[in-house]
Amino acid sequence: MVQPYKHEPFTDFTVEANRQAFLAALEKVEAELGRDYPLIIGGERIMTEDKITSINPADKAEVIGRVAKANQELAERAMKAADEAFRTWSRTSPEARADILFRAAAIVRRRKHEFSAWLVKEAGKPWREADADTAEAIDFMEYYGRQMLKLKDGIPVESRPGETNRFFYIPLGVGVVISPWNFPFAIMAGTTVASLVTGNTVLLKPASATPVVAYKFAEVLEEAGLPAGVLNYIPGSGAEVGDYLVDHPRTRFISFTGSRDVGIRIYERAAKVQPGQIWLKRVIAEMGGKDAIVVDKEADLELAAQSIVASAFGFSGQKCSACSRAIIVEDVYDQVLSRVVELTKQLNVGDPAEQATFMGPVIDQNAYNKIMEYIEIGKQEGRLMTGGEGDDAKGFFIQPTVFADVDPNARIMQEEIFGPVVAFAKARDFDHALEIANNTEYGLTGAVISRNRANLEKARQEFHVGNLYFNRGCTGAIVGYQPFGGFNMSGTDSKAGGPDYLILHMQAKTVSEMF
Ligand SMILES: NC(=O)c1ccc[n+]([C@@H]2O[C@H](COP(=O)([O-])OP(=O)(O)OC[C@H]3O[C@@H](n4cnc5c(N)ncnc54)[C@H](O)[C@@H]3O)[C@@H](O)[C@H]2O)c1
Ligand SMILES: N[C@@H](CCC=O)C(=O)O
């Protein structure tokens, strides 16, 4: 009997034993840096001449690993392997598939700090963020395994006398999983195992900035008993391998998490029926955000300031859920702003391998350049209150940055920056604050800090985001507790970690028999 689902607890690093264990994990990972990793196609390891070099964003001279790079020919081979493996994997019992997830979760749990240490090194995540990423990966495996057990016999439907009707779910086929670098373990693992446990086979193309942790996870799934060919690990260029697989007539569905622009491209390309294709591809697309925290005049202002700072600057603002807009009712605007500035100035920015670091680097040179450009735009559009500086000499470090008095239509209030930058806008009243909050093309997360019940109820109806939080920050959804996904240009609102997520990876079949 499977135990009821409970989310994986976060590690308390004030406990000395935990601190020591994490330091030991960092040491272990440091000793393994710089290795070469192959593709995995049909269970076979394939090394290529051309490689993706994964570096530490906090120290660009440090190579995390060199990963083989798939081209179209290898992607085709992987497609054939996945297509072949689908014949048997789709007939494997849901219980056996779920057991592989539970076993994989147990393996990761035993090596939890080691996985988090890879995240510190490869993604530049500070300890707490890395620990949360690993915990979320474990949660996805535990939660989706249980969800599959709930769904395995379908859902009862009505039958008339002399008739038996059954309604159940079958797998789709080969899925292409395309994952981002910002939750390089949790989102990569979650989107992969959701596809697998539902009986599909997978071509996994992880983000090029974080392919090593994805390789480590592919190894875990093998160790847990996943048969060869069911998961194929094929890092490669988005434009080359990504487009090729999205267009491929044998691709049955695409599970994409990433930026708005790439999401739209995939959505459009997947809609085109290719010669030989006998289905309409399904697309699950989780895209960007321009998330806001609204602060009412009747509110705990300290909570408001703490929530804004944590949501804006956790993992350097590189979360689709990050607070990049603080919308404050004018009566309390100055107080909240000055407290946020004060708290921001106290943040510890530096090497994420150090326990005391709150905020590490941004992911790479492109991200650094883009964010610094937005900071320049921000200087034209608002009042720079703190931050604004960057240093990319050793790693890609940007100071947490606060802009005040920004017009709701300004670029830094409309466009996803994906860095440690928050813009403040003043609202006349609560209704005006909600109007500003809804004034973007995105609709992912949002929060309201208020003691006014009527205003909270108004926000429940009117604040148009997939994940709305009251009296807390707008990041940190927990699998199975706060199913995650957004409206409008934030994607297809496919709620990851939610009770209806797995169904998106299957098709429903009705069988009616007369007696
Ligand atoms: N809504 C969510 O749940 C969620 C979660 C995490 C990140 N995000 C979003 O992801 C973005 C940051 O991640 P990113 O920089 O890795 O995004 P990205 O769109 O640049 O890349 C995401 C993935 O798409 C691949 N890709 C690029 N071009 C492709 C193409 N033509 N065809 C197929 N695949 C292609 C990349 O290689 C990568 O694996 C932000 O916009 C963030 O808001 C959203
Ligand atoms: N699920 C994460 C965000 C994922 C996107 O980056 C959160 O809730 O903060």
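Counting convention: from 1, in listed order, for ligands and their atoms alike.
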Which of the ligand 1 atoms, numbered from 1, are nearer than 4.0 Å to a heavy atom of Gly242: 32 (N), 33 (C)
What are the two closest non-hydrogen atoms of Val349 and Pro400, and how far apart are they? CG2-CD, 3.6 Å
Below 3.5 angstrom, do we get any N/O pair linking Phe418 and ligand 1? no
Taking distance alone, with N or O pairs closer than 3.5 Å, would you say Cys320 contacts ligand 2? yes
Got the closest protein heavy atom to atom 9 (C) of ligand 1, with its distance? Gly258 O, 3.1 Å
Pull out every atom of ligand 1 sitting under 4.0 Å from any heavy atom of Leu444, numbered as shown with elements. 1 (N)
Is a donor on one side and an acceptor on the other found under 3.5 Å between the side chain of Gln318 and the backbone of Phe313? no
Are there more than 12 heavy atoms of other residues, nucleotides or ligands under 6.0 Å from atom CG of Leu280? no
Which of the numbered atoms in ligand 1 are below 4.0 angstrom from a heavy atom of Asp243? 30 (C), 31 (N), 32 (N)
Would you say Arg260 has any N or O atom under 3.5 Å from an N or O of ligand 1, going by distance alone? no
Can you tell me the protein heavy atom closest to atom 7 (C) of ligand 1 and the distance? Asn182 OD1, 3.3 Å
Against heavy atoms of Thr257, which atoms of ligand 1 measure under 4.0 Å? 2 (C), 3 (O), 4 (C), 5 (C), 6 (C), 22 (C), 44 (C)
Evaluation steps, ring pair (Phe, Tyr, Trp, His ring centres under 6.0 Å), between Phe397 and Tyr368: CA-CA 8 Å; Phe397 292 95; Tyr368 178 89; 9.2 Å; no
Do His7 and Tyr481 have side-chain heavy atoms sitting under 4.5 Å apart? yes
Atoms of ligand 1 less than 4.0 Å from Arg265 heavy atoms? 31 (N)
Is the closest heavy atom of Phe183 to ligand 1 under 4.0 Å? no
Can you tell me which residue and heavy atom of the protein come closest to atom 13 (O) of ligand 1, and the distance to 0.1 Å? Pro180 CB, 3.6 Å
Arg128 atom CZ, over 12 foreign heavy atoms within 6.0 Å: no
Presence of salt bridge, Arg146 and Glu142, under 4.0 angstrom: yes
Passing candidate, side chain to side chain donor-acceptor pair (under 3.5 Å) with His248, options Lys281, Glu76, Gln72: Glu76
If you draw a 6.0 Å radius around OH in Tyr267, do more than 12 non-hydrogen atoms from other residues or ligands fall strictly inside? no
Quick test: of every protein heavy atom, which one is nearest to atom 17 (O) of ligand 1, and how far off is it to 0.1 Å? Ser259 N, 3.4 Å
Name the option, out of Ser237, Ala285, Cys320, that contains the heavy atom nearest to atom 2 (C) of ligand 1. Cys320
I want to know if ligand 1 touches Ser179 in the polar sense, i.e. an N/O pair below 3.5 angstrom. yes
Has ligand 2 got any nitrogen or oxygen that is less than 3.5 angstrom from a nitrogen or oxygen of Ser321? yes
Might you point out which heavy atoms bring Ala477 and Asn467 nearest each other, and give the distance in Å? CB-ND2, 4.2 Å
Report the distance from atom CD of Glu73 to atom OH of Tyr244, rounding to the nearest 0.5 Å. 9.5 Å
Show which atoms of ligand 1 fall inside a sub-4.0 Å distance from at least one heavy-atom site of Ile178. 23 (C), 24 (O), 25 (C), 33 (C), 34 (N), 39 (O)
Which protein non-hydrogen atom lies closest to atom 15 (O) of ligand 1, naming both residue and atom, and how far is it? Trp181 NE1, 2.8 Å
Atoms in ligand 2 flagged as close to Asn182, the criterion being non-hydrogen separation under 4.0 Å: 5 (C), 6 (O)
Proximal atoms of ligand 1 relative to Ile187 (non-hydrogen, under 4.0 Å): 5 (C), 6 (C)
When every non-hydrogen atom of Trp127 is compared with those of Pro352, the smallest separation belongs to CD1-O, 3.2 Å
Heavy atom of Gly486 under 4.0 Å from ligand 1? no
If you scan the protein for heavy atoms around atom 34 (N) of ligand 1, do you find one that is closer than 4.0 Å? yes
I'd like to know whether ligand 1 has Pro206 as a neighbour, heavy-atom separation below 4.0 Å. yes
Just say parallel, tilted or perpendicular for the rings of His505 and Phe253, cut-offs at 30° and 60°. perpendicular
Numbering as shown, the atoms of ligand 1 that approach Lys205 to under 4.0 Å (heavy-atom distance): 25 (C), 36 (C), 37 (O), 39 (O)
Any nitrogen or oxygen of Gly476, main chain or side chain, under 3.5 Å from a nitrogen or oxygen of ligand 2? yes
Determine, considering heavy atoms only, which of Gly190, Gly236, Gly238 sits nearest to atom 26 (N) of ligand 1. Gly238
What are the atoms of ligand 2, with element, lying closer than 4.0 Å to any heavy atom of Ala477? 7 (C), 8 (O)
Ring-face cation contact, Tyr143 with Lys6, 6.0 Å cut, 45° max: no
Exactly one of Arg66, Arg45, Glu219, Lys216 clears side-chain contact (heavy atoms from CB on, under 4.5 Å) with Tyr37, and that residue is Lys216
Classify the angle between the aromatic ring planes of Phe22 and His113 as parallel (below 30°), tilted (30 to 60°) or perpendicular (above 60°). perpendicular
Taking N or O atoms only and a 3.5 Å limit, does Glu416 qualify as a polar contact for ligand 1? yes
Below 3.5 angstrom, do we get any N/O pair linking Ser208 and ligand 1? no
What protein heavy atom lies closest to atom 1 (N) of ligand 1? Include the residue and the distance to one decimal. Met287 O, 2.7 Å
So does Gly173 get a backbone contact from the side chain of Asn200, meaning a donor-acceptor N/O pair under 3.5 Å? yes
